[in-house]
Amino acid sequence: HYFIQSNLSQFTMSLLEGVGHLSWWGFSPSSDLTTYCTHNQEGPLRVLCVGANDLRHILRLMCSGREVEVYLMETNLELYCRHLLLLSVLLQPSHLMGLQEKTEMYLDLYGNSHVRSASFKFVKNNIPNYIRMVTDEDYLRDILPMVDLSLLKFKERDFMEGIFKFWAASETNEETFPMERLWDSRVRSFLGDRYDAGRNVYDMDFSMKLKERASLLDFNEYATWRQTGVSFEVRDGVYDTPNRTLCSGIVKMIGGAKRLARGYWGDIVCSPYLAHGIHSTLKEMYEVRNRLNVRTASEVSEFNVMSLIHQINTGRTYDKPPKPDRFTLAAPKEQPATLEEVIEEEEEEEDDDEKIEDGVKDLKIEETKSNRKSKVPVLELNKPHSKLKVKLLPLGTMEQLPKKQNMVNTFDLIYLSNSQVSYFTPELTAILKEDAQVVVENVKYVTPISKELEAGYLPKIKELATKAKCEFTGPSDAMRNEFQLTFHRVE
């Protein structure tokens, strides 16, 4: 589903070649969606989030302090699996994993084509727990009560179990998912004859659209990601293990027959920096010296994600200063540098003399009598300081929701990603409350879209909104300056 029906073929081809069939991250910065709902009400705020592709908005909602019920619908079950994985990373207890380590592992698994071996081992060791989450509702309710999978179909849960089992494949058996070759194949297919001049192409994409709109993004890190798929190298380490969580399958014609092709079918042009790395509330993040940003989008992402994880686990705003910028680190010093202090949550704000190795600390595995034979590690997670509840919806259920009696006049806000706006239909009105908002993701950071298609985006959405009895409430320069486009239901 895409937004400009009259140019569907042109838009789809340009998007699929670069953005891919399945997006693993969003194409706009994280937003606290509760800020779009200004009316006071009793009970939880109900939000329908369609096609967000990651947890960026969920993390902000967890820090909002409001009681929120999120009904989440994605386009692929692989995304649901990644949501469970990344939630388990950020909710690790402090005695098993510190704040710095959580942040590094979260970003590693979130946006890198190749990850550190420690990240892979964490995933592999916890596969039995993830499988149990999707097959045992009582276990999920006990270990991660904020997530509800009861609305998913049994066959969807079975498929998710198969995805988790694929993630657990041997680290050395790279042939099952040769990420380096798959990434290069996508880049070659997208660039064609321009492949040998790839860096010049990246420079053009960066200069023509991203440089002005995402001022914190650094060209060198963007070009490195475009070429290798590795975006976050927040610590010195070896990123050589294929990130199996970025694997998905699509149906392709192979040998004259339709077959499922497993590979990397995600974004290769926009970058995972968009979610957490191109916007900050701190002025020092935007400092420029010698016409260069003192901080990269990777560093901004690290600080923003660390702040969110800290607040989710402690219930307090993160008030530590950012790390020294690259110019400060490069400046000569009279005294030798000391080990950087590892920032932890409040309960561990005591001296920690242990040096962090390349990877997470060895997991302290507790075994019960019932699992000693199988050696399955017990997953221990913090209870977040949040009033958020997330309910995962079956795939492709948007058209059925207005027909369900229990969904009529249910939602205070509906969020539609820029790839799911075709659901902005008159039928949508039935599940909106009278004073509800519809928030549509902007396309200002979607690199492959031409200026003509971008200019036609808002007028087309306004057409859809009018038919759905909604009116545009954003500013006149929303396409240029806003991450999201807002609409209000009218009678």
Side-chain angles (χ1 to χ4, degrees), residues 1-27 53 75-76 78 111-114 174-175 177-214 217-231 239 242-243 246-274 297 418-419 443-457:
H1 300 287
Y2 297 109
F3 65 83
I4 300 181
Q5 298 177 0
S6 58
N7 293 300
L8 182 61
S9 177
Q10 176 189 357
F11 178 76
T12 303
M13 291 305 296
S14 66
L15 205 64
L16 291 183
E17 288 179 3
V19 174
H21 295 263
L22 170 61
S23 299
W24 297 109
W25 38 77
F27 300 127
N53 299 327
T75 56
N76 289 77
E78 288 89 348
N112 285 344
S113 62
H114 290 79
E174 189 173 325
E175 283 305 309
F177 187 55
M179 186 59 165
E180 184 175 358
R181 179 168 58 82
L182 293 170
W183 184 275
D184 184 69
S185 175
R186 286 286 312 283
V187 174
R188 285 181 180 273
S189 176
F190 180 68
L191 296 181
D193 295 337
R194 303 176 297 166
Y195 179 80
D196 292 332
R199 192 170 179 86
N200 294 333
V201 178
Y202 309 152
D203 189 18
M204 182 179 298
D205 290 342
F206 178 81
S207 302
M208 295 295 290
K209 179 169 288 190
L210 293 175
K211 184 177 181 179
E212 177 185 357
R213 303 181 181 188
L217 188 59
D218 179 78
F219 170 69
N220 287 324
E221 65 180 350
Y222 174 71
T224 299
W225 173 78
R226 287 283 298 261
Q227 191 63 36
T228 66
V230 177
S231 52
Y239 295 79
N243 187 353
L246 297 180
C247 177
S248 63
I250 64 171
V251 177
K252 297 187 68 176
M253 291 296 295
I254 302 176
K258 290 183 179 181
R259 297 184 180 180
L260 182 67
R262 175 181 289 167
Y264 178 77
W265 306 110
D267 170 39
I268 61 170
V269 293
C270 296
S271 87
Y273 299 116
L274 299 178
N418 52 39
S419 64
V443 292
K444 61 185 292 186
Y445 302 112
V446 183
T447 307
I449 296 181
S450 66
K451 291 183 178 179
E452 292 76 19
L453 286 174
E454 184 178 330
Y457 182 67

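Residue indices begin at 1 and follow the sequence shown.
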Min side-chain heavy-atom separation [X]-[Y] under 4.5 Å:
| X | Y | result |
| --- | --- | --- |
| Y202 | L191 | yes |
| P272 | W24 | no |
| R226 | F206 | no |
| T75 | L22 | yes |
| S113 | N243 | no |
| F27 | D267 | yes |
| H114 | P242 | yes |

For the pair [X] (side chain) and [Y] (backbone), establish whether a donor and an acceptor sit closer than 3.5 Å, ignoring hydrogens and angles.
| X | Y | value |
| --- | --- | --- |
| Y222 | S271 | no |
| S185 | R181 | no |
| R194 | N200 | no |

From [X] [atom1] over to [Y] [atom2], what is the distance, rounded to the nearest 0.5 angstrom?
| X | Y | atom1 | atom2 | answer |
| --- | --- | --- | --- | --- |
| D184 | T228 | CG | OG1 | 11.0 Å |
| L274 | K444 | CG | NZ | 11.0 Å |
| K211 | D218 | NZ | CG | 10.5 Å |
| T447 | M204 | OG1 | CE | 13.0 Å |
| N53 | N76 | CG | CG | 9.0 Å |
| N418 | S23 | CG | OG | 8.0 Å |

Practice problem: Evaluate the ring planes of W183 and Y264, with Trp represented by its six-membered ring, and classify them as parallel (under 30°), tilted (30 to 60°) or perpendicular (over 60°). | Solution: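 Geometry flag for Y264 against W183: tilted rings.
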
Quiz item: Taking only residues two or more places apart in sequence, or in another chain, which ones meet K209 in a side chain to side chain donor-acceptor pair (under 3.5 Å)?
Solution: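 Expected list: E454.
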
I need the minimum non-hydrogen distance between [X] and [Y], along with the two atoms involved.
| X | Y | value |
| --- | --- | --- |
| A223 | R199 | CB-NH1, 3.5 Å |
| P448 | V269 | CG-CG2, 3.6 Å |
| C247 | R262 | SG-CG, 3.0 Å |
| G111 | W225 | O-NE1, 4.2 Å |

Practice problem: Take Y457 and I449, measure what side-chain contact (heavy atoms from CB on, under 4.5 Å) needs, and give me the verdict at the end. | Solution: CA-CA 10 Å; Y457 182 67; I449 296 181; over 6 Å; no

Exercise. Check ring-ring contact (aromatic ring centres under 6.0 Å, His included) between Y445 and all other residues, then give those that pass, not counting sequence neighbours.
Key: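 Per chain and number, Y445 pairs via ring-ring contact (aromatic ring centres under 6.0 Å, His included) with no residue.
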
